[in-house]
Amino acid sequence: MRLNPFDTSKIKVRSSNGGGGRGMRKAGGAGCGTLVIALIAAVAFGVDPAQTIAVLGGIDETQGAPQSAGGDMSEQEVCTMGPYAQEACEALTSLNETWEPEFARAGIAFEQPTLDLFRSGQVSTDGCGSASSASGPFYCPADLGIYIDTGFYEQLARMSGTGGDFARLYVIAHEYGHHIQNMTGLASQVRSLQQQNPRRSNELQVRMELQADCYAGVWAGKNRSRIERGDMEEGLRAASAIGDDTLMRNAGQRINPENFTHGTSQQRMQALRRGLESADDASCDTYFDFR
């Protein structure tokens, strides 16, 4: 996908660079490889880390401002740390330019998310505790932060069989989708519904993830002139690779829909395609068109 150069006047970016934060407790009994597989299945595309990592015993519940080794870097320096960082900053610039006008037209107050890029370490958030690089990308609604360990991109390329840029752009666009849900108030409504009816918690979480996939597609659809040949196929392969059923099957587990958190491979591909083909965020309302 052809993106314009990033504009640091239009984005909020920082780098924890794996050096900040308060010490992580080790997940009891789980080896690194096992933890990576489990967390990618459960967290990598947007589940609240404070909710999910805690289940695996890997979150420091002490909360506070990040103490980041890269915290004093300028946004220009962060965005030029490497090709992945530059690409992420270009994507964030495009996402802000695409979505802010939509909120303005709808008369909804909007605040830009902050992108935190780190690699192969741990990161500390203002409102969601601490997470290791094994957590994969996530969004923290408490501090409006999108957190991406750029090392995850290599993991995603191995899982999906594609190292194309659109697979990586899908990652950040999906997390941005969770920011949209947060800004519209949907995220808090869903959390309330989950508390009222815990038996529907997984179902509601899946709907959240599929809607975020749909929003990722809407962003691409609104910038259709910048899509290159093969981009959509890359995105669909990435969506398929991180479907709950595929992850469970590849991990040698029994496929259990009751434990789904993000949707099947087919559902995730359909959600991404829905957004791309419609280029209309209203098309993503279908995931919460229920009583």
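A salt bridge is defined here as a Lys NZ or Arg NE, NH1 or NH2 lying under 4.0 Å from an Asp or Glu carboxylate O, and Arg237 with Glu234 fails to meet this definition. A salt bridge links Lys222 with Glu102: the distance from a Lys NZ or Arg NE/NH1/NH2 to an Asp or Glu carboxylate oxygen falls below 4.0 Å.
The only member of Tyr139, Trp99, Tyr176 that meets ring pair (Phe, Tyr, Trp, His ring centres under 6.0 Å) when paired with Tyr215 is Trp99. No option in Asp165, Thr150, Leu117, Ile148 other than Thr150 meets the side-chain contact (heavy atoms from CB on, under 4.5 Å) test with Tyr84. Looking at Gln112, Arg105, Lys10 one by one, the single match for side-chain hydrogen bond (donor to acceptor under 3.5 Å, both in side chains) with Glu100 turns out to be Gln112.
At least one side-chain heavy atom of Arg274 sits less than 4.5 Å from a side-chain heavy atom of Thr286. Side-chain contact check for Cys89 versus Ile11: some heavy-atom pair is nearer than 4.5 Å. Put simply, the side chain of Tyr170 does not reach to within 4.5 Å of the side chain of Met1, judged on heavy atoms. Between Val206 and Tyr287 there is no side-chain heavy-atom pair separated by less than 4.5 Å. In this structure, the side chains of Leu236 and Arg273 come closer than 4.5 Å at one or more pairs of heavy atoms. In this structure the side chain of Leu95 reaches within 4.5 angstrom of the side chain of Ile172, judged on heavy atoms. Side-chain contact between Asn182 and Leu144 is present, with at least one heavy-atom pair separated by less than 4.5 Å. Residues Pro137 and Asp149 fail the side-chain proximity criterion, which asks for heavy atoms closer than 4.5 Å.
In this structure Gln266 satisfies the side chain to side chain donor-acceptor pair (under 3.5 Å) test with no other residue, sequence neighbours excluded. Residues satisfying the side chain to side chain donor-acceptor pair (under 3.5 Å) test with Glu90, not counting sequence neighbours, are Gln86.
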Exercise for the section: Give the C-alpha distance, both sets of side-chain angles, the deciding distance and a yes or no for side chain to side chain contact (heavy atoms under 4.5 Å, CB included) between Arg254 and Met248. Expected result: CA-CA 7 Å; Arg254 181 175 64 86; Met248 289 178 177; over 6 Å; no

Exercise for the section: Begin from the C-alpha positions of Thr8 and Val78 and carry the test side chain to side chain contact (heavy atoms under 4.5 Å, CB included) through to its verdict. Expected result: CA-CA 10 Å; Thr8 55; Val78 173; over 6 Å; no

Exercise for the section: Take Glu111 and Lys12 through the salt bridge (charged side-chain N to carboxylate O under 4.0 Å, His left out) test and state the conclusion after the steps. Expected result: CA-CA 10 Å; Glu111 184 175 347; Lys12 300 177 182 178; 3.7 Å; yes

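In this structure, a donor-acceptor pair under 3.5 Å is absent between the side chains of His178 and Glu175. Side chain to side chain, Glu209 and His174 meet the donor-acceptor criterion of an N or O pair below 3.5 Å. Side-chain contact check for Gln205 and Ser201: no donor-acceptor pair (N or O, by modelled atom type) lies under 3.5 Å. Between the side chains of Ser16 and Asp116, at least one donor N or O lies within less than 3.5 Å of an accepting N or O.
Of the possible donor and acceptor atoms, one in the side chain of Glu77 sits under 3.5 Å from a partner among the backbone N and O of Ser74. A donor-acceptor contact shorter than 3.5 Å links the side chain of Asp231 to the backbone of Glu228. In terms of modelled atom types and a separation under 3.5 Å, the side chain of Thr98 and the main chain of Ser94 share a donor-acceptor contact.
Nearest approach of Val218 to Ser283, heavy atoms of both residues: CG2-OG, 4.5 Å. Residues Gly127 and Ala142 share a closest heavy-atom pair of CA-CB, 3.5 Å. Between Gln267 and Gly263, the closest heavy-atom pair is OE1-CA, 3.3 Å. Nearest heavy-atom pair, Thr114 versus Arg14, reported as atom, atom and distance to 0.1 Å: CG2-NH1, 3.5 Å. For the residue pair Asp143 and Asp126, the shortest heavy atom distance occurs at OD2-N, 3.0 Å. Here the closest heavy-atom approach between residue Arg168 and residue Glu87 is recorded as NE-OE1, 2.7 Å.
Going from atom CG of Leu272 over to atom CZ of Phe166 covers 6.0 Å, rounded to the nearest 0.5 Å. Once rounded to the nearest 0.5 Å, the distance linking CG of Leu186 with CD1 of Ile180 reads 11.0 Å. The structure places CG of Leu3 at 9.0 Å from OG1 of Thr93, a figure rounded to the nearest 0.5 Å. Note that CZ of Arg224 is 9.0 Å distant from CE of Met232, once rounded to the nearest 0.5 Å. Rounding to the nearest 0.5 angstrom, the gap separating the CG atom in Asp213 from the NE2 atom in His262 is 8.5 Å. If you take CG on Leu115 and CD on Glu75, they are separated by 10.0 Å, rounding to the nearest 0.5 Å.
Ring geometry for Phe138 versus Tyr147: interplanar angle under 30°, hence parallel rather than tilted (30 to 60°).
The disulfide bond (SG atoms under 2.5 Å apart) contacts involving residues 210-280 comprise Cys214-Cys284, where partners must be two or more places apart or lie in separate chains.
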